[in-house]
Amino acid sequence: MTTDATKAVPIDGRELVDERLVIWYFLAALAYLAASMLGGLLMALQLVRWNPLMDIELLSPGRWRMIHTNAIAYGFLANSFLGALHWSVPRLTLKPVASRELSYFIFLAWQVVVVSTAVGIMFGQAQGIEWGETPVWIDPLALAGLALVAFNFFVPIGRTKGPLYVTLWYFMAAFVWTFLTYAMGNFLPQYFVPGTSGGAIAGLFIHDLVGLFVTPLGWGLMYYFVPIMLGKPIWSHGLSLVGFWGLAFFYPLNGIHHFLYTPIPMFLQYGAVIATVAVELVVTTVIINFFGTIWGSSRALVTNLPLRWFYTGMIFYFLTCLQCSMQVTLTFQALIHFTDWVVGHAHLVMFGVFSMWLLGIMTYLFPRLLHTDWYSRELCEWHYWLSAGGLLVMASDLILLGVFQGYWWGSLQPWDVSTNGSTPFWIIRVFAGLAMLAGQLCFFYNLYMTWQSSRVVARNAAIAYPAT
């Protein structure tokens, strides 16, 4: 009887969530975000011949570019997702993770993976696959880490009784897909499938890392946080499941659309085009679902800053997918192939969508984790506007430049025409990147001051209610 009564007591979220670990993950993510943005800035300066680190081989632009992309994927995104998962999974399942000690071990091991990857790249040990440049000796450790992550979260999900909310469907799929995708991109081309076939697999890997690692976790977190902030359920659970199964069936073949007009067999290229068009329809259902959810509550976009981050990312997501539907056609691909259009598209996806969602989550969670309000609402606004405005300028600038470059190259103009014509666009890119960096500096300073405020609040509470 006593045991039953104990079970009936509502479970406090703070008992389930290790808030200190969530903070650690978020701080690590922000450190990698800063490193990645500095790497991107160095690349941008290199293009306009303002590189301040000339003749330093270890900091050469080719190496910094890989550190820039890897720090975003495995440093910022992965750590942010892990922090958000440690917050959301225990609350959704009402069960703690399999082992808190394992969570801390994964945290430390993952930082070793990310830092070792950066060091390996700087010393020239990179593999020749985009986002798969991790040195070969890191790959087994990274794969073991992903398996431990899956185990740690599958245990509480497996102990849940009754139907699972769609967020948990996305999380479970992401744990499996990420493990398989990482193994595919880092082992198959390196050891088993060289040459053109390896190129096809590399294409799948690049895109699947976005679609089967970042996308399901991003969508899953949106399905968790948006209804909470709006105080009402998601508009259509049916559409949410359409999005899930559509992603599962159509996304894995998308990646080869990065290799149109290459020696890869045309039937594979056509298959990628068809699968991409199918995914665009699936994505449209997800976007409709989220805008249906906020229907009648749009005023919240002004007053609720995290929600504004989410829906700004949703608009960029729509623009990104619209781009995809254009650039996978063979006609348009012939124009923008290998141009800065692709670079603009990549920034629109990774910063405009997923980074914005994660920064919105951090804007929502940090006051709850530190148990005090943000130090400055105005700095939060600066963070948002500089990030969103800078990204919009940068992406628009590079996408437009890609069209110009395509016409210059297609009309067989001398190479100087292309580089000289690109320079004004690249200068705009530098200043847009500086604006985005300034936005993050506002966030870092605001976070530091909020942390200081939380210490004062805790100290005052200790004085008012001394321990007995």
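For this chain, numbers begin at 1 and follow the sequence in order. None of these values were measured; they are calculated from a predicted model.
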Engineer: Minimum heavy-atom separation for Pro367 to Trp374, with atom names?
Structural biologist: CG-NE1, 3.2 Å
Engineer: Between Phe225, Phe26, Trp87, which is the residue that forms a ring pair (Phe, Tyr, Trp, His ring centres under 6.0 Å) with Tyr364?
Structural biologist: Phe225
Engineer: How about Trp357 and Phe316: are their ring centroids closer than 6.0 Å?
Structural biologist: no
Engineer: Answer with yes or no whether the side chains of Tyr384 and Thr312 bring together a donor and an acceptor at under 3.5 Å.
Structural biologist: yes
Engineer: Between Trp341 and Phe332 (judged by ring centroids, cut-off 6.0 Å), do the two rings come close enough to count as a pair?
Structural biologist: yes
Engineer: Is the Tyr170 ring parallel, tilted or perpendicular to the Tyr223 ring (thresholds 30°, 60°)?
Structural biologist: parallel
Engineer: Side chain of Asn289, backbone of Thr285: donor and acceptor closer than 3.5 Å?
Structural biologist: no
Engineer: Do side-chain atoms of Tyr311 reach the backbone of Phe290 as a donor and acceptor pair under 3.5 angstrom?
Structural biologist: yes
Engineer: Suppose we call two aromatic rings close when their centres sit under 6.0 Å apart. Are Trp24 and Tyr104 close by that rule?
Structural biologist: yes
Engineer: Distance from Phe171 atom CZ to Phe153 atom CZ, nearest 0.5 Å?
Structural biologist: 8.5 Å
Engineer: For the atom pair CG (Leu209) and OG1 (Thr215), what is the distance rounded to the nearest 0.5 Å?
Structural biologist: 10.0 Å
Engineer: As an exercise, state the distance from CD1 of Ile361 to CE of Met229, rounded to the nearest 0.5 Å.
Structural biologist: 7.5 Å
Engineer: Report the distance from atom CG of Leu204 to atom CE of Met184, rounding to the nearest 0.5 Å.
Structural biologist: 5.0 Å
Engineer: Look only at the side chain of His383 and the backbone of Leu379, and say whether a donor-acceptor pair between them is shorter than 3.5 Å.
Structural biologist: no
Engineer: For the residue pair Gly352 and Leu391, what are the closest heavy atoms and their distance?
Structural biologist: CA-CD1, 3.7 Å
Engineer: Does Thr181 use its side chain to pair, donor to acceptor, with the backbone of Phe205 at less than 3.5 Å?
Structural biologist: no
Engineer: Looking at every non-hydrogen atom in both residues, tell me the closest pair between Ala300 and Leu307 and how far apart they are.
Structural biologist: CB-CD2, 3.6 Å
Engineer: Got a donor-acceptor contact below 3.5 angstrom from the Gln440 side chain to the Ala34 backbone?
Structural biologist: no
Engineer: Please check this pair: side chain of His371 against backbone of Arg368, looking for a donor-acceptor N/O pair closer than 3.5 Å.
Structural biologist: yes
Engineer: Return the minimal non-hydrogen interatomic distance between Trp131 and Ala73, and the atom names on each side.
Structural biologist: CE2-CB, 3.8 Å
Engineer: Taking the six-membered ring where the residue is Trp, are the ring centres of Tyr375 and Tyr448 under 6.0 Å apart?
Structural biologist: no
Engineer: Is it true that a side-chain atom of His207 and a backbone atom of Gly203 form a donor plus acceptor pair closer than 3.5 Å?
Structural biologist: no
Engineer: How many angstroms lie between CG in Leu146 and CH2 in Trp177, if you round to the nearest 0.5 Å?
Structural biologist: 15.5 Å
Engineer: Backbone N or O of Ile294 within a donor-acceptor pair of the Ser298 side chain at under 3.5 Å?
Structural biologist: no
Engineer: Could you report the tightest heavy-atom contact between Leu247 and Val282, atom names first, then the distance?
Structural biologist: N-CG1, 3.9 Å
Engineer: With a 6.0 Å cut-off on ring centres, are Phe425 and Phe404 close enough?
Structural biologist: yes
Engineer: Applying side chain to side chain donor-acceptor pair (under 3.5 Å) to Asn186 and Thr134, what does each step give before you reach the verdict?
Structural biologist: CA-CA 8 Å; Asn186 287 275; Thr134 46; 3.0 Å; yes
Engineer: Measure from the ring center of Phe187 to the ring center of Tyr182 and say whether it is less than 6.0 Å.
Structural biologist: no
Engineer: For Leu301, does its backbone N or O pair with a side-chain atom of Arg308 as donor and acceptor, under 3.5 Å?
Structural biologist: yes
Engineer: Which heavy atom of Ala29 sits nearest a heavy atom of Ser80, and at what distance?
Structural biologist: CB-OG, 3.2 Å
Engineer: Answer yes or no: is there a donor N or O on one side and an acceptor on the other, between the side chain of Ser36 and the main chain of Leu33, under 3.5 Å?
Structural biologist: no
